Structure formats: C-alpha cells, structure tokens
Protein chains: 2
Amino acid sequence: MFTKVLVAEDYEIANQGIVKVLNDAVGIYNIHEAQYCDDAYLKFRKAHQSEEPFELLITDLSFKENHKVQTRTSGIELIQDIRKIQPDINIIVYSQESRPDKINMLFQKLNINGYVCKGQHAIKELVHCIQGVYKGNIVLPPEVKDANQDNIINLDDFDIMLLEELALGFTKKEIVQKLKKQKISPNSESTIDKRVSKLFDDFKAKNTTHLVAIVKDLGLL
Amino acid sequence: MFTKVLVAEDYEIANQGIVKVLNDAVGIYNIHEAQYCDDAYLKFRKAHQSEEPFELLITDLSFKENHKVQTRTSGIELIQDIRKIQPDINIIVYSQESRPDKINMLFQKLNINGYVCKGQHAIKELVHCIQGVYKGNIVLPPEVKDANQDNIINLDDFDIMLLEELALGFTKKEIVQKLKKQKISPNSESTIDKRVSKLFDDFKAKNTTHLVAIVKDLGLL
DNA sequence: CCTCCGATTACGGAAATCTGTAAGGAGTTC
DNA sequence: GAACTCCTTACAGATTTCCGTAATCGGAGG
C-alpha cells in the first residue's frame with residue numbers, strides 16, 4: 001500500500017475525516033495535511049527535493065480564498081504544477097463536483113488516477129479508490145460510470161473556445177475578428193455559424209442563449 | 001443553550017464532524033442525525049407530534065440522490081416543509097455555497113436564522129453562528145458581510161421569470177405569448193425589452209447570452 | 001386640479017442571429 | 001482520375017435582438 005500521502009483539503013472537518021479513514025480503513029499512517037494550495041505545493045516540492053517524495057496526492061478542487069495571498073486558488077492548478085515536478089505521481093481528486101462531464105474532463109485533461117465524490121458513501125468510495133489506484137487502475141466514481149454510455153458529446157478546443165466567447169457576450173463578428181487577429185483557422189463567420197449550429201443539435205438548444213445556459217448547467221464552462 | 005438539535009447532512013464525514021463540534025465546543029448532546037432529506041423530515045415530524053420538538057435544525061442544501069426514492073432532494077424544500085409544521089424553528093444552513101447573492105436569497109425567501117459556509121474556519125463559524133442564533137440574532141457569514149454593501153441587485157419575481165425563460169431559449173415573442181395566455185401583466189414585447197435592457201445595465205451584460213451566463217455564474221438561476 | 005414621475009406600450013430601424021443553398025478544397029477509396 | 005466525404009467559405013433572406021423616440025396611463029404630492 002502507499003506509505004506517504006499528502007491530503008490537500010481546506011475544509012477542516014473533512015480534512016480530519018480523511019485522515020481518520022486513511023488510518024483506520026486503509027492502514028496509511030504517514031499522512032501530511034495542507035489546508036491551502038500553496039502550502040500543499042511547498043510541502044510536495046520539499047519532499048521531492050529531499051528525495052522522500054509523496055506517492056499519492058488526495059486533493060479537493062476548490063479552495064476558498066482567505067486573508068493569505070494564494071498563488072494557486074484551484075486544485076486544478078495545483079495538480080498541473082505538481083505534475084510538472086513529478087509526472088508519475090498518483091492523484092485522487094476528492095470533491096463536491098458530481099457532474100459527469102466535468103469529472104470526465106479531469107481524467108482527460110489532467111490524467112488523474114481516481115475521483116471520489118464527497119457524499120453519502122464517501123468513506124467506502126475513498127477506500128475503494130485508493131486500493132484501485134494502488135493496483136494501477138483508473139478509478140471512476142459510480143456517478144460517471146452510470147451516466148456515461150452514449151450521452152457524451154465530444155467537444156474539441158475550438159468548440160469550447162466558441163462557447164466561452166459567446167458566454168462572454170461577444171458577437172460572431174467579434175469572434176471572427178479575434179480569430180483572424182490570432183491567425184487561427186477556421187475564421188469565417190459562416191463556419192462559426194455552422195459550428196454553433198452543430199452545437200445546437202448536440203445539446204438540443206434553440207438558440208445561443210439556450211446553448212450557453214445548458215453548457216453552464218452541465219458545468220462545461 | 002439549545003438542547004435538542006437535528007443535523008441533516010448527507011456527507012458522512014462532515015456529519016460526524018458537526019456532531020463532534022456540537023459536543024465538544026458548544027455543549028449540545030441531544031443530537032439527531034439524518035443523511036437523507038426525507039429521513040430528516042420524518043424525524044422532525046415525529047418529534048413535533050410527540051411534543052418533544054427540535055429547537056434547531058442544521059442542514060445542508062444539496063443532497064445527492066441515491067438508490068432510495070427521495071421526495072425531497074434539496075435542503076430548500078426540506079426547510080419549506082419543516083417551516084409549515086413548526087414556523088418558529090431555528091434553522092442554520094450549512095453548505096458549500098459561497099456566492100453572496102444565493103446566500104442572501106436564503107435569508108430573504110426562507111427566513112433562515114444563520115448560515116455557515118463549509119470551509120477552512122467552519123468549526124469556529126459554526127460555533128459562533130449557533131451562539132448568535134441562540135441569542136435571537138440573524139447570523140450572516142463573513143462572505144456576505146464583506147461582499148454586501150451596494151452591489152446587491154434587487155430582482156423581483158418578474159425579472160427572475162424573464163431570466164429563466166430566456167435561459168430556456170424562448171424568444172421575447174414567445175414569452176409575450178405565454179404571459180398573455182396566463183394573463184400576467186406586463187405583457188407587451190416593448191416592456192419585456194425595457195426590462196431586459198435594465199438587466200443588461202444592472203449586470204453589465206452585452207447581450208442576452210452574456211446576461212444569462214452572468215446570472216448562471218452568480219447562481220441566481 | 002394640475003404636475004411630476006415611473007411603468008407600460010407602440011413603433012421603427014440598424015445590427016445580429018438563424019437557416020437555408022451552393023461552391024471550393026483536402027483527403028480517402030476504389 | 002473519378003467518386004465520395006468532410007470541412008470551410010460565401011451569400012441571401014427571414015426572424016430576432018437591441019436601442020432609440022414617443023405616446024399613454026396611474027399614482028403621489030403640492
């Protein structure tokens with residue numbers, strides 16, 4: 001089993017809970033805690049430099065800002081920064097988020113090893129997830145396993161960019177200008193139209209406003 | 001101090017944590033727990049019928065659905081249902097939500113007595129909140145106290161309805177038709193235009209899509 | 001009674017959206 | 001090379017949005 005683990009979680013009650021689970025149910029005792037992203041990063045780097053690296057990171061996604069100045073505010077940035085130092089580190093994200101699309105994104109973009117959803121069965125799922133990751137598996141939460149199947153809509157970066165620009169209130173003409181300025185193709189208004197129309201079909205949206213509302217609800221933006 | 005308290009929280013680790021805080025830091029020992037909304041409601045009703053009512057409800061807002069059929073899925077419904085039985089019950093909401101607008105809505109629409117934000121200082125805030133509510137105060141979380149001031153935008157029910165319809169992709173013409181069918185006034189396209197334009201100003205939105213995106217981000221929809 | 005003020009309503013016009021059709025290019029397959 | 005598909009681009013027209021101006025109505029206050 002993993003011997004050295006870092007738990008990054010700002011919510012102090014949960015933090016205590018996780019440590020207890022690791023002790024009692026998994027049998028890990030060398031556990032370091034961090035309540036702030038920056039703190040987690042520093043602890044991680046120090047351990048890596050002194051050649052006593054962590055084997056597993058368990059982290060939340062959202063860290064509330066407080067009086068202290070934090071350079072990293074979200075767990076996503078923390079993961080990216082830590083992966084730069086130690087690419088093969090095992091990472092389990094442990095968060096409130098339960099929207100399948102958003103969780104899927106974590107696996108795709110950040111290559112996390114496991115995800116546990118804070119909730120009723122968090123203890124059982126956490127134990128199961130750690131054991132699975134230790135065996136080298138990718139452990140999806142039941143929320144994603146159930147929901148997946150065929151309703152996954154594959155959005156490429158261009159689609160995401162379009163959605164973001166539209167959500168920021170830019171007109172298609174403005175988006176076209178931006179694209180041309182940045183020399184990104186495609187960049188004709190007609191193609192943008194076509195792309196957005198395809199998104200209408202995908203998400204069964206009636207118009208741009210509806211589309212952005214749907215995508216916001218799904219947590220993709 | 002309160003003697004009989006109900007804690008409704010589906011997240012088992014947090015549930016345990018709250019009970020511990022109530023025991024150690026506040027000195028409340030007659031604590032009942034519920035992991036499901038329906039369960040909380042039943043316990044509450046039973047206590048009220050047997051004339052040993054709860055004096056305080058501490059509840060989360062979001063309850064994950066699971067295999068069990070739940071008639072109440074959100075803490076908001078739970079609060080509304082419990083208030084019907086015992087209007088003067090003290091209620092503290094204890095949730096992830098940190099957006100000032102959404103928290104304000106809880107105080108305005110549900111008349112809750114206190115709010116505690118899950119986070120770094122949850123323990124201290126929870127203790128402070130319980131003590132304040134016991135004295136008869138309305139206890140706002142620091143997030144709201146800081147943020148408030150003048151940036152509160154007052155939306156009436158008509159505005160909210162407009163925003164919801166727009167987010168569902170209805171055109172203004174369609175909304176007008178609905179209003180006329182339901183004999184709700186105002187119901188002219190021109191007034192709808194004016195109202196939405198005012199919302200543009202309030203939220204500094206460039207167009208309808210931008211407006212809906214902003215409002216979704218604020219958590220008002 | 002009169003005036004002021006805010007909300008509602010009507011109307012018009014420039015701009016943007018949405019939805020077609022059609023044409024050109026790049027890559028694949030036969 | 002011909003046939004095919006997929007993506008990009010152009011264009012056009014109906015609808016909708018957005019933002020003016022202006023008329024009307026009702027309540028508040030002098």
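Below, each value reflects all heavy atoms present in this structure, side chains not excepted, and no hydrogens, waters or symmetry copies. As the structure is a computational prediction, the values presented were derived from the model and not from experiment.
Applying the side chain to side chain donor-acceptor pair (under 3.5 Å) criterion to R45(B), with sequence neighbours excluded, gives no partner residue. With sequence neighbours left out, the side chain to side chain donor-acceptor pair (under 3.5 Å) criterion links S188(A) to T191(A). Under the rule for a side chain to side chain donor-acceptor pair (under 3.5 Å), Y115(B) has no partner lying at least two apart in sequence or in another chain. Qualifying side chain to side chain donor-acceptor pair (under 3.5 Å) partners for K178(B), counting only residues two or more places apart in sequence or in other chains: E165(B).
Nucleotides of DNA chain D with any atom under 4.0 Å from a heavy atom of chain B span, from 5' to 3', dT16(D) to dT21(D).
Contacts classified as side chain to side chain donor-acceptor pair (under 3.5 Å) and involving residues 127-139 of chain A (residues at least two apart or in different chains) are not found. Applying the side chain to side chain donor-acceptor pair (under 3.5 Å) test to residues at least two apart or on different chains, the pairs with a partner in residues 204-221 of chain A are T209(A)-T209(B), K216(A)-D217(B), D217(A)-K216(B). Listed by first then second residue, pairs satisfying side chain to side chain donor-acceptor pair (under 3.5 Å) with a partner in residues 54-63 of chain A read T3(A)-E55(A), D60(A)-K118(A), not counting sequence neighbours.
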Quick one: which protein N/O atoms are closer than 3.5 Å to N/O atoms of nucleotides 13-15 of chain C? Pair and distance per line, please.
none

Are any protein N/O atoms closer than 3.5 Å to N/O atoms in nucleotides 20-26 of chain C? If there are, list each pair with its distance.
| from | atom 1 | to | atom 2 | distance (Å) |
| --- | --- | --- | --- | --- |
| dT21(C) | O4 | K194(A) | NZ | 3.2 |

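Within residues 197-208 of chain A, no residue is approached by DNA chain D to less than 4.0 Å at the level of any non-hydrogen atom. Near DNA chain C, meaning a heavy atom under 4.0 Å from it, residues 175-183 of chain A has no residue at all.
A pairwise comparison of heavy atoms in Y94(B) and A122(B) identifies OH-CB, 4.0 Å as the closest pair.
Nearest-nucleotide positions on DNA chain C place T191(B) closer to the 5' end than the other of L166(A) and T191(B).
Taking atom CD on E174(A) and atom C1' on dT17(C), their separation rounds to 14 Å, with Å as the unit.
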